[in-house]
**Student:** 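Below you will find the structure I want to go over with you.
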2 protein chains.
Amino acid sequence: MTRRMKIDLSIILQKATELVDEQGLDQLSIGILAEKLEIRPPSLYNHLEGLNELKQMLAIKGVKKLNEYMLQAAVGRSGDEAIRAISQAYIQFVREHPGLYDASTRFPDSNDQELQQAQEAVVQLVLQVLDAYNLQEEIAIHMVRGLRSILHGFTSIEQMGGFGMPLDINKSFSILINTFIEGIHAVMINEDKYMQRND
Amino acid sequence: MTRRMKIDLSIILQKATELVDEQGLDQLSIGILAEKLEIRPPSLYNHLEGLNELKQMLAIKGVKKLNEYMLQAAVGRSGDEAIRAISQAYIQFVREHPGLYDASTRFPDSNDQELQQAQEAVVQLVLQVLDAYNLQEEIAIHMVRGLRSILHGFTSIEQMGGFGMPLDINKSFSILINTFIEGIHAVMINEDKYMQRND
DNA sequence: CATTTTAACTAATCAAATTAGTTTTTGCAA
DNA sequence: TTGCAAAAACTAATTTGATTAGTTAAAATG
């Protein structure tokens, strides 16, 4: 008789992560997960509240891991180079963990403390990177939102197979990031104008 | 006896649209929709294959409507102004039809002819707008992908309530668009450089 | 008016999550 | 070691939705 490995929350999360990264977040179900763990579906309830809690935990894991990737990439870099590096890390994370990333953007409860904290950490990291540009505090935050939009938008569309035309996707990405960086430089030397205008 | 309105596909789609825009795409179910239409759930199958087909139809309707919004906005405008206008139209559409927009990015079948065609129309529209910049064909396509990423990313994050900090979201949006536009101008005068580099 | 089609209905089935209640296993202290 | 409490598994049952089967009523058409 094979002594089955004792199942705990971390093992469940691990298997769930593999499942969503390989099959997609929507394929995650109590039944399939239980099957992979070689237990009966109800047994999972000894470890977690239910499917929603599981998704919430995956979301948190996803944000934290994304932050790790970006943090690694940012070490020892600054300015344009740092922006390119964290952007590359972002897309790399999404490509390696599409399900986890998806979970981190479609979670059951957005008021979750731990989730918000993890998200905040990413924002702070990017703010630090942008520090090099000496932007006004407020503009810097707008730029964080902008970069985040770019990264989330690009990776989401890539994941959904939304880039139809046969044209190098990595090139599209690097041009996008570089275009944004050029834009930051332009805005940087004209900050006041951009604080006023309204279009 | 109140003579009930005859139900056809367009009425079903209309009610489904209201439902997803008000309650969110995930709240769409055969049961709830049937209830709103004052018929029994199975009756809906006289009009459509099932929930998946319904979602697919919503996706197509969403993309077409988005295209209409953008088209309207682009009329009579060109260059930077046109980019701002279609961007504004995009965010306006998503705010007015969050459920429909969501459907248009999370559909059951991405190989659907009609869906692809509708999506292609949006791409063509943006390509036309970018025509004013006389970019190399290939660069232009990269830029379309870039703008689309920006618009999808920003609106998605806004919809998921992802912009935490208390800072004017509309301002963030206009700064993002303007930063991108500045970037295009910079890239424009340096196209060759951007065709070579690889980061 | 008869017939055909459309669109509704009830009843039944299937799938998945979840809950209730029980049993087995395991770790640890007497 | 034994013996028990807690942990973690199980079976059985319930609930919620989607879907299918088979039937009936209404409406349109010749």
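Protein chains get the first letters and strands the later ones, always in sequence-line order, with residue 1 at the start of each.
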**Student:** Would you say the side chain of A/N46 and the base of D/dA7 hold a donor-acceptor pair, judged only by whether the two atoms sit under 3.5 Å apart?
**Tutor:** no
**Student:** Could you run down nucleotides 13-20 of chain C 5' to 3' and tag each one B, S or - for protein heavy-atom contact under 4.0 Å?
**Tutor:** ----SBB-
**Student:** Can you tell me how far P of D/dT16 sits from CD of B/Q27, to the nearest Å?
**Tutor:** 15 Å
**Student:** Do the charged groups of B/E114 and B/K64 touch, with an N to O distance under 4.0 Å?
**Tutor:** yes
**Student:** Should the ring pair A/F154 and A/F163 be called parallel, tilted or perpendicular, given that the plane angle runs from 0 to 90° and is split at 30 and 60?
**Tutor:** tilted
**Student:** What is the distance, to the nearest angstrom, from the CD1 atom on A/I7 to the P atom on C/dT26?
**Tutor:** 12 Å
**Student:** May I ask you to evaluate whether B/H47 reaches the phosphate of C/dT6, defined as a side-chain N or O under 4.0 Å from OP1 or OP2?
**Tutor:** no
**Student:** Which of parallel (below 30°), tilted (30 to 60°) and perpendicular (above 60°) describes B/H97 and B/Y69?
**Tutor:** perpendicular
**Student:** For the pair A/Y194 (side chain) and A/I139 (backbone), establish whether a donor and an acceptor sit closer than 3.5 Å, ignoring hydrogens and angles.
**Tutor:** no
**Student:** With the threshold set at 4.0 Å, does a side-chain nitrogen-carboxylate oxygen contact exist between B/R106 and B/D26?
**Tutor:** yes
**Student:** Rounded off to whole Å, could you give me the CD-to-P distance for the A/E38 and D/dC10 pair?
**Tutor:** 10 Å
**Student:** Side-chain N or O of B/S43 less than 4.0 angstrom from OP1 or OP2 on C/dA7?
**Tutor:** no
**Student:** Are A/D192 and A/R197 within salt-bridge range, i.e. N to O under 4.0 Å?
**Tutor:** no
**Student:** If I take atom CZ in residue B/R40 and atom P in nucleotide C/dA8, what distance separates them, rounded to the nearest angstrom?
**Tutor:** 12 Å
**Student:** What is the distance, to the nearest angstrom, from the CD atom on B/E35 to the P atom on D/dA18?
**Tutor:** 12 Å
**Student:** Whole-Å distance between D/dA8 C1' and A/I11 CD1?
**Tutor:** 13 Å
**Student:** Without decimals, in angstroms, what is the distance between B/L44 CG and D/dG17 C1'?
**Tutor:** 13 Å
